[in-house]
Structures are given as structure tokens and as C-alpha cells.
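Here is the structure we will look at, set down as C-alpha cells.
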Amino acid sequence: MARIIGIISGKGGVGKTTLVANLGVALSSFEKKVTIVDCNITTSHLGFYFDFLYYPKTLNQVLREEITLEEATYYHNTGVKIIPAALSVEELMGVDINKIKNLDFGDTEIVLLDSAPGLGREAMGVLNACNELIFVATPFMNSISDVIKCNKIAKYFGVKPLGIVLNMYRKGLNEVDENDVEELTELKVLAKIPFDLNVQKSLIYRMPTIIYNPYSPASIEIERLAAYLIGKEYKPPKGRLFYRILNFFKK
Ligand SMILES: Nc1ncnc2c1ncn2[C@@H]1O[C@H](COP(=O)(O)OP(=O)(O)OP(=O)(O)O)[C@@H](O)[C@H]1O
Ligand SMILES: [Mg+2]
């Protein structure tokens with residue numbers, strides 16, 4: 001049975017989709033069969049990270065039982081399978097997000113579900129469908145307090161929380177540090193992804209940061225997280241020092 005990992009947050013814009021796109025590619029580079037699903041159907045944007053601007057078959061149609069999951073599956077050259085949600089408002093009609101739990105992902109080993117923020121219908125659909133959970137937050141109290149709330153709700157669903165990813169982490173510029181986050185949320189900090197302009201630049205080129213610059217600080221931390229999730233030892237890419245110096249001058 002596939003591991004189905006929900007990626008959720010209280011606040012919006014904290015980096016869930018960035019994490020799903022990059023973690024998907026990273027896990028795939030470790031030879032895992034990975035499917036990523038845009039469950040943020042009201043404000044979907046996972047496809048943008050893979051330069052998908054036009055795609056005729058979507059998760060919306062699958063959830064309306066008009067097409068099969070296979071028909072809405074797109075194969076990226078990294079090996080990741082992507083199930084995008086529709087961009088148009090009209091496509092929201094008749095979509096029951098709760099049906100995600102009924103989807104059969106075939107031989108996929110790891111499914112990542114990219115949620116909408118908060119505790120609305122889409123997040124509930126993700127909580128219903130997943131068997132493991134990763135919370136994403138920025139290292140600020142407003143973001144962390146929302147995770148505390150979400151974690152309480154997640155407990156009702158009996159989902160196993162793997163921990164929390166702190167994104168856009170900046171040395172000396174975080175309101176709450178790692179230890180406080182663990183104490184407040186009762187969740188293990190799985191990764192501290194640095195604030196990294198490569199993430200934003202890669203979005204301009206519509207590709208995951210790991211492909212745009214595998215040596216960037218954010219890419220390296222996401223690779224490390226991917227290795228941790230599948231119990232593999234992580235070795236940072238060779239030539240890292242050279243690229244760190246290059247990254248410094250690129251800034
Ligand atoms: N580590 C990072 N460093 C710099 N910018 C980042 C980082 N992570 C994400 N961003 C930027 O933050 C913005 C929001 O990221 P993203 O879309 O992944 O958030 P989200 O949680 O999926 O948002 P939503 O809740 O709306 O779905 C994007 O412009 C992205 O490029
Ligand atoms: Mg998103």
C-alpha cells in the first residue's frame with residue numbers, strides 16, 4: 001500500500017506547494033515511485049512548478065467521476081507523476097474533495113497531497129485521505145499557532161503526524177526557534193528550509209528548485225528531508241562548497 005502523506009498548514013503561502021513539488025522530485029531521485037496531487041482545488045497552482053499551463057484532464061474531472069485517475073496523470077521527465085487540479089472557477093462545480101480517499105494510486109509508493117491552507121473542505125479531504133501528515137509553517141508565532149490548531153483536528157482523524165517543516169528559515173530572524181516550535185506544537189522539526197531566492201527564481205522558470213539549482217541551500221535541505229523520510233543516508237552533493245561560493249556571488 002502507498003504511503004499517502006498530506007502536506008498541510010494553517011496559514012497560506014508558507015511553502016506547501018514548493019515543498020510538494022521539490023520533495024516529489026527528490027524522492028523520485030531516490031528511485032521511489034512518486035505521485036503528487038494538487039488537492040488545493042479552489043486555488044490550485046502545483047502545475048506551475050512543472051510548466052503546466054494547459055492541461056485538459058484534471059483531478060476535478062476524476063472527482064466528478066468523468067475520467068479515470070490514469071487519464072489525469074501527467075508524467076514528468078524526473079519520474080514524478082503529477083495530478084493537477086483545474087485552474088478555472090467553472091471546474092469547481094460538482095467536485096467532492098472527500099472522494100480523494102477512494103483513489104487508487106496503483107504501484108505508486110509515495111503519494112504527496114498538496115492541501116489548501118486552513119481547515120476548510122480541502123484540508124479535511126486531505127486529512128481523510130492521508131495516513132501520514134507533514135505540517136508546514138514559517139518560524140513565526142502566527143504560523144505556528146495555526147499548526148497547533150490543525151494538529152488538534154488531525155488527531156481526530158487518527159493520522160500519524162510525521163512532524164513539522166519550518167520554511168523560509170533565516171538565521172537570527174525567526175520569532176520562534178526550533179526548540180520552542182517542538183515544545184509548542186509537540187511535533188518534531190523535520191527540516192528547516194532556509195529562505196532562498198533560488199526558490200523564487202525557479203518559479204519564474206517554472207521548474208522545481210532542485211532542478212533549477214540542486215546546490216541551493218533550500219534544495220539541499222529538501223533532499224536531506226527526502227532521504228530522512230525513506231530512511232536513507234544523505235550525502236550532500238559533491239562540489240557543494242564551490243556552489244556555495246557561486247551562490248554567494250549570485251546573490
Ligand atoms: N524557502 C523559500 N525561500 C524563498 N521563497 C520561498 C520559499 N518557500 C516558498 N517560497 C515562496 O513563497 C511563495 C509561496 O509558496 P507556496 O506557493 O509554495 O506556498 P503555499 O503554502 O503552497 O501557498 P498556498 O497556501 O496559497 O497554497 C512562493 O512565491 C514561493 O516561491
Ligand atoms: Mg499551495
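Counting from 1, the numbers follow the sequence of the chain as shown. Atoms within each ligand, like the ligands themselves, are counted from 1 in listed order.
Atoms of ligand 1 lying under 4.0 Å from any heavy atom of P194, numbered from 1 in the order shown and given with element: 1 (N), 2 (C), 3 (N). Atoms of ligand 1 lying under 4.0 Å from any heavy atom of K16, numbered from 1 in the order shown and given with element: 18 (O), 19 (O), 20 (P), 21 (O), 22 (O), 23 (O), 24 (P), 25 (O), 27 (O). The atoms of ligand 1 that sit less than 4.0 Å from any heavy atom of P117 are 25 (O). In summary, the atoms of ligand 1 found under 4.0 Å from a heavy atom of L203, numbered by their order in the structure, are 29 (O), 31 (O).
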**Study point:** Trace of the side chain to side chain contact (heavy atoms under 4.5 Å, CB included) decision for T73 with K57
**Key:** CA-CA 8 Å; T73 302; K57 305 269 168 78; over 6 Å; no
Exercise for review: Kindly determine whether Y49 and T18 satisfy side chain to side chain donor-acceptor pair (under 3.5 Å), including the steps that lead there.
Suggested key: CA-CA 8 Å; Y49 288 75; T18 303; 3.2 Å; yes
Practice item. List the steps, then state whether ring pair (Phe, Tyr, Trp, His ring centres under 6.0 Å) holds for F52 with Y74. Key: CA-CA 10 Å; F52 285 12; Y74 296 80; 5.5 Å; yes
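For D146, the side chain to side chain donor-acceptor pair (under 3.5 Å) partners at least two apart in sequence or on another chain are K11.
Annotation for Y75: atom OH counts as buried by contact number, over 12 foreign heavy atoms lying within 6.0 Å.
Closest to atom 5 (N) of ligand 1 by heavy atom, among K201, K11, Q200, is Q200.
Checked by distance only, ligand 1 and D114 stay at 3.5 Å or farther apart across all their nitrogen or oxygen atoms. Inclusion of A218 in the set of residues having an N or O under 3.5 Å from an N or O of ligand 1 is not warranted. Between I193 and ligand 1, no pair of N/O atoms sits closer than 3.5 Å. Here's the thing with G12: none of its N/O atoms is less than 3.5 angstrom from an N/O atom of ligand 1.
To the nearest 0.5 Å, atoms CD1 (I110) and CG (L229) are separated by 7.0 Å. The CG atom of L113 sits 12.5 Å away from atom CD of E122, with the distance rounded to the nearest 0.5 Å.
If you look at Y49 next to ligand 1, the close heavy atoms, those under 4.0 Å, all belong to the side chain. Here S9 has no heavy atoms under 4.0 Å from ligand 1, in either its backbone or its side chain. Within the 4.0 Å heavy-atom criterion, both parts of T18, backbone and side chain, lie near ligand 1. With a 4.0 Å heavy-atom cut-off, ligand 1 is reached by the side chain of N40 but not by its N, CA, C or O. Contacts of L197 with ligand 1, taken as heavy-atom pairs under 4.0 Å, are absent altogether.
At least one side-chain heavy atom of I153 sits less than 4.5 Å from a side-chain heavy atom of L127. When side chains are defined from C-beta on, N22 does not count as touching I211, because their heavy atoms never get closer than 4.5 Å. Between L46 and N40 there is no side-chain heavy-atom pair separated by less than 4.5 Å. Counting heavy atoms from C-beta on, the side chains of R224 and E221 come closer than 4.5 Å. Side-chain atoms of I144 and I164, non-hydrogen and from C-beta on, do get closer than 4.5 Å to each other. Using a 4.5 Å heavy-atom threshold, the side chains of L187 and V147 count as touching. The closest side-chain heavy-atom distance from Y234 to E223 is below 4.5 Å.
Regarding atom 8 (N) of ligand 1, its nearest protein heavy-atom neighbour is N167 ND2, 2.9 Å. For atom 3 (N) of ligand 1, the nearest protein heavy atom (residue, atom name, distance) is D196 N, 2.9 Å. If you check which protein heavy atom lies closest to atom 27 (O) of ligand 1, you get H45 CE1, 3.1 Å. The closest protein non-hydrogen atom to atom 19 (O) of ligand 1 is G15 N, 3.0 Å. Among all protein heavy atoms, the one lying closest to atom 6 (C) of ligand 1 is V199 CG1, 3.6 Å. In terms of protein heavy atoms, atom 13 (C) of ligand 1 is closest to G13 O, 4.5 Å. Atom 12 (O) of ligand 1 has its closest protein heavy atom at M168 CE, 3.6 Å.
In the model, T17 has a side-chain atom that pairs as donor or acceptor with a side-chain atom of D114 under 3.5 Å.
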Under 3.5 Å, which donor-acceptor pairs link side chains of residues 189-197 to any protein atom two or more places apart or in another chain?
from, atom 1, to, atom 2, distance (Å)
K192, NZ, E178, OE1, 2.9
D196, OD1, N198, N, 2.9
D196, OD1, N198, ND2, 2.8
D196, OD2, S216, OG, 3.1
D196, OD2, A218, N, 2.9

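Screening residues 128-140 for salt bridge (Lys or Arg N to Asp or Glu O under 4.0 Å) gives R3-E132 as the qualifying pairs, with residues at least two apart or on separate chains.
Ligand 1 lies nowhere less than 4.0 angstrom from a heavy atom belonging to A116. The shortest heavy-atom distance from T43 to ligand 1 is not under 4.0 Å.
Protein atoms of type N/O/S that fall under 2.8 Å from the Mg ion (ligand 2) number 2 in this view.
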